[in-house]
Amino acid sequence: MTRQQTYSEVLQTLSEGSVHVHFDAFTDIDWDNPDFAVDPQDPRWVLPEADPLGGHPWYKEQSPERQAEIGLWRFANVAKVGMQFENVLMRGALDYVFHLRNQNPEFRYLTHEITEETHHTQMFQEYVNRSGVDVHGGRRSFRAVSRFLPLAGSLWPEVFFTGVLAGEEPIDHIQKAILRSAEEGHPLLRRIMQIHVAEEARHISFAHEFLREKVPGYGKVRRGVLSVMFPLTMRVLGDVMVIPDRKTAQKMGVPHWVIKDIFWKSAEGQKMLRDLFADVRMLAEDIGLMNKASRRVWKLLRIDGRPSRYRSQPASLAA
C-alpha cells in the first residue's frame with residue numbers, strides 16, 4: 001500500500017487481499033491434532049517474556065507447574081476479551097455499513113472484515129472452550145457498555161474506528177512480539193496468533209486509512225474534540241484489552257500488587273504502555289490530531305512518546 005493510492009484503491013487492495021488470503025476457524029486449525037491437545041500442566045503454556053506477566057520476576061519465581069497453569073488462564077482470558085471486543089466491532093461495523101450509499105467501496109471491504117472477525121470469534125471461543133478454564137473476559141464495566149458501543153458506528157464513526165484501533169493495536173503489538181521471540185510456546189496458541197496477526201493487518205490498515213481519509217476534512221471543532229478523544233479512547237480500551245481485572249487475577253492466583261506493578265507502575269510497564277501506542281501516535285501526527293491540548297492528554301495518560309517511523313516498527317528500533 002502506498003500513499004499514491006487513492007482511498008478507493010486502498011479499499012480495493014484490502015478487499016482483494018481478503019478474497020485471496022483468508023482463514024476459517026475450523027478448517028485452518030487442526031483442533032484434533034494430538035499436539036494441539038490442552039493439558040494444564042503442559043510446560044508449553046508457560047508465558048513468554050514478551051507477555052507482560054511472563055516477564056515479571058514474581059512469575060519467574062513460580063514453579064514450572066504454576067507458570068503453566070497461570071499461562072493457560074492468561075491466554076484463555078485474553079482470547080475471551082478478544083472475542084468480546086470483536087463482537088462489538090462487528091456490530092458497530094454493521095451499523096456503519098447499514099447507512100452507506102450505493103457504490104461506496106467501504107461496504108465491500110467492511111463486510112469482508114466482518115466475515116473474518118466472525119471466524120476470529122469462533123476461533124477464540126473454541127480455544128476458551130477447550131482450555132477448560134471458566135473465564136469471563138473483559139471487566140464488568142466494559143461488558144455493560146458493550147450493548148451501546150456499536151451505536152458509535154453510525155453516530156460517531158471517527159470515534160468508533162479510533163476505538164477499533166485502541167482494541168486491536170495493543171494485542172497486535174504483544175502477539176507480534178511473542179511470535180518474533182525465540183520461545184516456541186504451545187503450537188495451538190501459536191497457530192491462533194499467526195492467523196489473527198495475518199488478518200488483523202488488513203483490519204488495522206483499514207482503520208488507519210479511514211481516519212486518514214475522513215479526519216482532515218472535518219471542521220475545526222470536530223477535529224478538536226477528536227484530538228482529545230483519541231488518546232482517551234486508546235488508554236481506556238487498551239487497558240480493557242491488556243489488563244486482567246481483579247477477579248480474573250485472583251482466579252489465576254496472581255497477587256494484585258503484581259498486576260499493578262506490571263500495568264503500569266514499574267519502569268518496564270511504563271515503557272510497554274508507551275510502546276503499545278507508537279503506531280497510533282504516528283497516525284495522530286499525520287492527520288493533525290496532535291495539538292497543544294491533546295499532547296497534554298497523551299502525556300497525562302502516560303502514552304506519549306516518539307511515534308513510529310512506519311507501521312509495526314519493532315519497539316526496540318523505535319526507542
Side-chain angles (χ1 to χ4, degrees), residues 1 5-8 10-15 17-18 82 84-101 104-118 120 142 145-146 148-173 199-219 222-238 240-241 276-290 294 297-298 303 307-308 311-312:
M1 194 184 308
Q5 286 183 297
T6 66
Y7 182 54
S8 293
V10 168
L11 294 180
Q12 181 68 21
T13 299
L14 293 173
S15 294
S18 291
Q84 293 166 340
F85 174 79
E86 294 193 339
N87 179 285
V88 173
L89 188 160
M90 290 187 293
R91 286 184 284 142
L94 284 167
D95 185 51
Y96 178 76
V97 300
F98 183 88
H99 300 278
L100 292 179
R101 294 188 176 188
N104 190 325
E106 290 176 346
F107 180 90
R108 177 185 170 184
Y109 172 70
L110 278 170
T111 49
H112 280 307
E113 180 170 332
I114 292 163
T115 301
E116 291 164 358
E117 297 291 23
T118 300
H120 293 179
F142 170 70
V145 300
S146 67
F148 310 103
L149 292 176
L151 293 173
S154 60
L155 299 177
W156 208 353
E158 64 268 30
V159 174
F160 175 76
F161 286 105
T162 295
V164 169
L165 288 177
E168 291 182 336
E169 290 274 13
I171 295 300
D172 188 67
H173 179 96
E199 293 192 323
E200 286 302 316
R202 287 193 293 267
H203 307 172
I204 292 172
S205 290
F206 171 76
H208 275 258
E209 295 303 316
F210 178 92
L211 292 170
R212 287 183 189 278
E213 174 71 11
K214 309 289 186 180
V215 172
Y218 293 158
R222 191 172 178 178
R223 288 199 315 273
V225 172
L226 182 61
S227 72
V228 174
M229 289 294 298
F230 197 90
L232 283 170
T233 305
M234 291 297 157
R235 180 60 196 273
V236 171
L237 280 180
V240 167
M241 298 300 295
L276 292 178
F277 299 104
D279 282 6
V280 291
R281 287 196 298 269
M282 175 184 68
L283 175 64
E285 293 275 8
D286 290 348
I287 62 178
L289 294 182
M290 285 293 191
S294 65
V297 178
W298 285 91
I303 55 175
S308 296
R311 280 270 318 281
S312 299

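Start at 1 with the first residue, then count along the sequence. Fair warning: this is a prediction, and the values are worked out from it, not measured in the lab.
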Check: Quick one: are the ring centres of Phe161 and Phe206 less than 6.0 Å apart?
Finding: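 So the answer is yes for these two rings.
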Next item on the list: Can you sort out the partners of Glu213 under side-chain hydrogen bond (donor to acceptor under 3.5 Å, both in side chains), two or more places apart, ordered by chain and number?
Entry: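 With sequence neighbours excluded, Glu213 shows a side-chain hydrogen bond (donor to acceptor under 3.5 Å, both in side chains) to no residue whatsoever.
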State, yes or no, whether a side-chain contact exists between [X] and [Y] at a heavy-atom distance under 4.5 Å.
X      : Y      : answer
Thr118 : Met90  : yes
Met229 : Thr162 : no
Arg212 : Asp286 : yes
Arg281 : Met290 : yes
Leu11  : Glu106 : yes
Leu211 : Leu165 : yes
Tyr109 : Val10  : no

Checklist line | Test side chain to side chain contact (heavy atoms under 4.5 Å, CB included) applied to Arg108 and Gln12, step by step | finding: CA-CA 9 Å; Arg108 177 185 170 184; Gln12 181 68 21; 3.8 Å; yes
Next item on the list: Working to the nearest 0.5 Å, report the span between CE of Met234 and CG of Leu283.
Entry: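 Here the rounded value is 7.5 Å.
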Notebook entry, point to check: From Met282 CE over to Ile287 CD1, what is the distance, rounded to the nearest 0.5 angstrom?
Noted result: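 Atom-to-atom, Met282:CE and Ile287:CD1 are 10.5 Å apart.
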